[in-house]
Colleague: 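Here's a structure for you.
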2 protein chains.
Amino acid sequence: MAKSSIHDVAKAAGVSIMTVSRAVRGVNGVSEATRLRVLEIAKTLNYVPNGNARALATTGSNMIGISLPTLFNDVFADVLLGMRRTFQQAGYDSVVDTTDYSSDGELQFIERILQWQPLAVILTGVDHDETVRARLPRANIATLELWDITDHPIDFCVGIDHREAGVALGRHLVEKGYRAPAFIGAPAGKDTRADKRVEGLVEAFRAAGGRTLRRISVSDDNAFISGYTGFEQIDRDRRPDVVLFLNDHMAFGGLMRAEQEGLRVPDDIGIVGFNELAITKVLPRRITTMSTPRRQIGLVGARNLLARLNGVTVPEKTILPCTLVPGQTTRAQ
Amino acid sequence: MAKSSIHDVAKAAGVSIMTVSRAVRGVNGVSEATRLRVLEIAKTLNYVPNGNARALATTGSNMIGISLPTLFNDVFADVLLGMRRTFQQAGYDSVVDTTDYSSDGELQFIERILQWQPLAVILTGVDHDETVRARLPRANIATLELWDITDHPIDFCVGIDHREAGVALGRHLVEKGYRAPAFIGAPAGKDTRADKRVEGLVEAFRAAGGRTLRRISVSDDNAFISGYTGFEQIDRDRRPDVVLFLNDHMAFGGLMRAEQEGLRVPDDIGIVGFNELAITKVLPRRITTMSTPRRQIGLVGARNLLARLNGVTVPEKTILPCTLVPGQTTRAQ
DNA sequence: TTGTAAGCGTTATCAT
DNA sequence: ATGATAACGCTTACAA
């Protein structure tokens with residue numbers, strides 16, 4: 001069954017291509033009778049309109065490109081969930097791609113996606129390759145930066161204040177009496193949001209005269225495993241009193257390792273996660289963590305983007321609040 | 001900075017659009033001098049070739065469309081991992097979309113993606129809406145069905161034998177003395193691969209004269225939580241001796257609930273997962289599960305697809321093996 | 001209600 | 001090495 005074009009349908013139906021065009025788009029200007037006949041024939045011929053031709057003729061698509069660091073993280077799945085549904089209901093297509101946390105990968109995404117004349121582009125975070133800014137003139141392409149915030153977004157951003165989250169977490173731990181923190185996560189520079197949280201932690205502990213935060217980098221694809229192996233790398237002679245992880249899955253991996261090493265949590269060592277991922281809700285002892293409004297970020301982001309596409313001015317910077325979730329993996333007092 | 005077309009670049013460079021076209025594509029037929037000059041100007045003008053026009057002119061894209069049920073499942077992230085990288089290195093673009101386990105969603109994916117004249121389409125599973133087959137004439141569009149297998153694929157398939165995996169798991173449990181199984185997972189009909197595994201389980205237990213398998217359906221987005229809540233729904237008066245879950249995350253959720261209810265695992269009740277997800281590797285007591293070759297499915301699938309696109313005939317059906325992983329959540333003897 | 005003609009931004013083909 | 005022209009499949013604008 002060969003691909004058929006609008007011409008084939010027109011010929012088979014004995015009408016002009018314009019009539020076919022109108023019929024398949026469902027616009028006015030075709031009698032009910034011919035419309036039905038044309039659609040019938042289109043179906044038999046397995047006709048599928050050529051999107052490239054359409055986009056070319058109308059000079060503009062209805063596509064929104066979305067760039068995420070990875071799919072191996074429930075955080076981004078959560079963000080996507082509300083977002084894509086909203087776009088679809090509004091009649092937009094969205095295309096997702098991943099950069100594997102590389103700013104070069106993000107640049108490549110931009111280059112690729114721009115060829116398709118997207119209506120809008122959504123990026124993760126606010127730290128990009130220099131070129132990215134130049135490539136995204138906000139006059140032509142609405143640009144949403146998600147999950148992090150800045151005073152000078154490319155266009156507008158919706159996210160949380162990671163540094164502030166780090167400070168809040170740090171202060172909470174300081175209050176509990178912790179003074180010797182360690183952080184286990186991606187290598188510095190890879191996940192800039194995590195880097196900002198670490199900055200906040202460092203600040204909070206320094207203010208309390210604590211020990212310098214030790215940072216341990218892990219790189220396994222999987223969070224459970226990198227949490228586990230990261231914990232192994234802790235200097236036993238100079239053990240931290242609390243270990244913060246990039247996220248809850250890593251924290252769980254670390255917790256498992258700690259217990260295997262015979263350490264009692266939280267008596268011997270504290271364990272702290274981030275995000276309040278679903279796993280924390282099924283554990284008998286809740287992991288101390290910070291709840292992040294991921295679904296909401298997706299929803300607000302999508303809503304603002306739609307507004308922006310309709311010509312409404314939206315706030316350049318939307319900060320959504322995080323909530324500290326004290327658990328049983330840090331001391332009570 | 002307005003969007004500039006090839007015409008603008010041509011004008012600015014004082015050459016014809018064909019020269020620009022050749023320069024930008026890096027094909028022969030342009031002197032080194034003009035090539036450099038044109039590229040220089042293209043960069044200053046922020047010129048990005050229009051992919052729609054290109055695809056239209058060359059009547060064909062280099063795009064591969066990928067349809068997955070969900071991103072909330074490490075299984076599919078694993079499958080994707082090797083695949084997309086392979087495609088990219090081979091010079092193909094790939095576009096991923098999710099159907100949320102609905103065959104209607106899959107059909108919509110097909111309709112949408114076909115407009116862009118993809119070179120190939122990748123679907124999850126082998127059970128599709130009737131229309132899907134008609135829309136994918138294998139003469140025009142290479143079609144790979146992933147993760148499940150059938151004797152009559154649309155084009156070709158690479159996956160595991162889910163029914164057989166269920167039988168193997170069932171027999172193993174029967175050997176351990178289990179006779180009263182329950183299954184906790186998606187509602188029947190939603191995840192057809194899981195349904196096939198359940199069929200296999202039923203067969204194995206029936207052959208051993210066991211009790212009829214009880215099936216409990218859960219629908220929360222999150223696996224940990226649905227495992228937990230699913231376990232709550234178990235009939236306490238007629239408790240199964242072993243509970244099988246759709247996957248390891250659900251099994252972990254169920255395990256947490258079991259222990260909270262004061263049940264001892266595996267003495268009072270057995271817990272079984274599926275896939276051997278990474279979390280199982282950090283647990284002190286390994287969950288009994290079935291290891292599935294997800295990375296390999298992605299790699300073999302991608303390799304075969306590339307071969308197929310190069311005109312090589314590939315096997316219609318490739319079955320990859322699963323491996324039983326006995327753990328400490330089922331009885332030893 | 002239907003059709004004709006021009007054009008969207010590129011590439012293939014054939015000239016020069 | 002470079003350019004002119006037609007074509008890709010559709011939609012917009014205008015005509016009948």
Side-chain angles (χ1 to χ4, degrees), chain A residues 2-39 41-42 45-63 93 111-119 140, chain B residues 2-39 41-42 45-63 93 111-119 140:
Chain A
K3 280 175 211 171
S4 50
S5 79
I6 198 171
H7 293 98
D8 305 320
V9 181
K11 196 173 300 174
V15 296
S16 75
I17 60 170
M18 263 320 293
T19 301
V20 177
S21 173
R22 288 193 260 254
V24 295
R25 277 180 300 157
V27 300
N28 277 340
V30 199
S31 73
E32 191 61 10
T34 54
R35 200 175 64 81
L36 290 175
R37 190 161 46 88
V38 168
L39 289 182
I41 291 177
L45 261 48
N46 241 303
Y47 167 66
V48 178
N50 184 320
N52 295 120
R54 173 174 292 178
L56 187 57
T58 59
T59 56
S61 71
N62 65 328
M63 207 221 65
D93 278 356
E111 312 264 61
R112 262 202 314 279
I113 206 76
L114 284 187
Q115 300 190 177
W116 305 102
Q117 321 280 119
L119 261 180
N140 300 318
Chain B
K3 280 177 211 170
S4 50
S5 80
I6 198 170
H7 293 99
D8 306 319
V9 180
K11 197 172 299 173
V15 296
S16 76
I17 58 170
M18 267 317 295
T19 301
V20 177
S21 173
R22 288 192 261 254
V24 170
R25 280 179 297 158
V27 301
N28 277 339
V30 198
S31 73
E32 191 61 10
T34 52
R35 200 174 64 80
L36 290 174
R37 189 161 47 88
V38 168
L39 289 181
I41 292 177
L45 260 47
N46 241 303
Y47 167 65
V48 179
N50 184 321
N52 294 120
R54 173 173 291 177
L56 187 57
T58 58
T59 56
S61 71
N62 63 330
M63 207 221 65
D93 277 357
E111 312 264 59
R112 261 202 314 279
I113 206 74
L114 285 187
Q115 300 191 175
W116 305 103
Q117 320 281 117
L119 261 181
N140 301 318

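Just so we're on the same page: letters track the sequence lines, and every chain starts at 1.
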Colleague: Listed by chain and number, what are the side-chain hydrogen bond (donor to acceptor under 3.5 Å, both in side chains) partners of E111(A), not counting sequence neighbours?
Modeller: R135(A)

Colleague: What distance do K11(A) atom NZ and I41(A) atom CD1 have between them, rounded to the nearest 0.5 Å?
Modeller: 13.0 Å

Colleague: Going by heavy atoms closer than 4.0 Å, what residues in residues 6-25 of chain A are next to DNA chain D?
Modeller: I6(A), M18(A), S21(A), R25(A)

Colleague: Sequence neighbours excluded, which residues qualify as side-chain hydrogen bond (donor to acceptor under 3.5 Å, both in side chains) partners of R35(B)?
Modeller: E32(B)

Colleague: Excluding sequence neighbours, so at least two apart, what forms side chain to side chain contact (heavy atoms under 4.5 Å, CB included) with I113(A)?
Modeller: M63(A), V95(A), F109(A), P118(A), V121(A)

Colleague: Please list, in 5' to 3' order, the outermost nucleotides of DNA chain D lying under 4.0 Å from any heavy atom of chain A.
Modeller: dG9(D) to dT12(D)

Colleague: Per the end-axis method with five pairs at each terminus, what is the bend angle of the helix from dT1(C)-dA16(D) to dT16(C)-dA1(D), to 10°?
Modeller: 30°

Colleague: I need the N46(B) CG to D8(B) CG distance, nearest 0.5 Å.
Modeller: 12.0 Å

Colleague: Residues in salt bridge (charged side-chain N to carboxylate O under 4.0 Å, His left out) with R112(A), at least two apart?
Modeller: D97(A)

Colleague: To check you understand the geometry: which heavy-atom pair defines the closest contact between I17(A) and H7(A), and what is its length?
Modeller: CG2-CD2, 3.7 Å

Colleague: If you look at every heavy atom in A23(A) and L39(A), which pair is closest and at what distance?
Modeller: O-CD2, 3.9 Å

Colleague: Going from OG on S16(A) to CZ on R22(A), what distance comes out if it is rounded to the nearest 0.5 angstrom?
Modeller: 6.5 Å

Colleague: Considering residues at least two apart in sequence or located in another chain, which fulfil the salt bridge (charged side-chain N to carboxylate O under 4.0 Å, His left out) criterion with R54(A)?
Modeller: none

Colleague: State which residues pass side-chain hydrogen bond (donor to acceptor under 3.5 Å, both in side chains) with S61(A); sequence neighbours excluded, sorted by chain then number.
Modeller: none

Colleague: Within a strict 4.5 Å, meaning less than it, do heavy atoms of the N52(B) and W116(B) side chains meet?
Modeller: yes

Colleague: With a 4.5 Å cut-off on side-chain heavy atoms, are I6(A) and S21(A) touching?
Modeller: yes

Colleague: Short of 4.0 Å, heavy atom to strand atom, which residues of residues 51-59 of chain B count as contacting DNA chain C?
Modeller: A53(B), R54(B), A57(B), T58(B)

Colleague: How far does CG of N140(B) sit from CG of L119(B), to the nearest 0.5 angstrom?
Modeller: 11.0 Å

Colleague: Where along residues 29-37 of chain B does a heavy atom fall under 4.0 Å from DNA chain D?
Modeller: G29(B), V30(B), S31(B), T34(B)

Colleague: Identify, with sequence neighbours excluded, every residue that meets side chain to side chain contact (heavy atoms under 4.5 Å, CB included) alongside V15(B).
Modeller: A13(B), T19(B), V20(B), R37(B), V38(B)

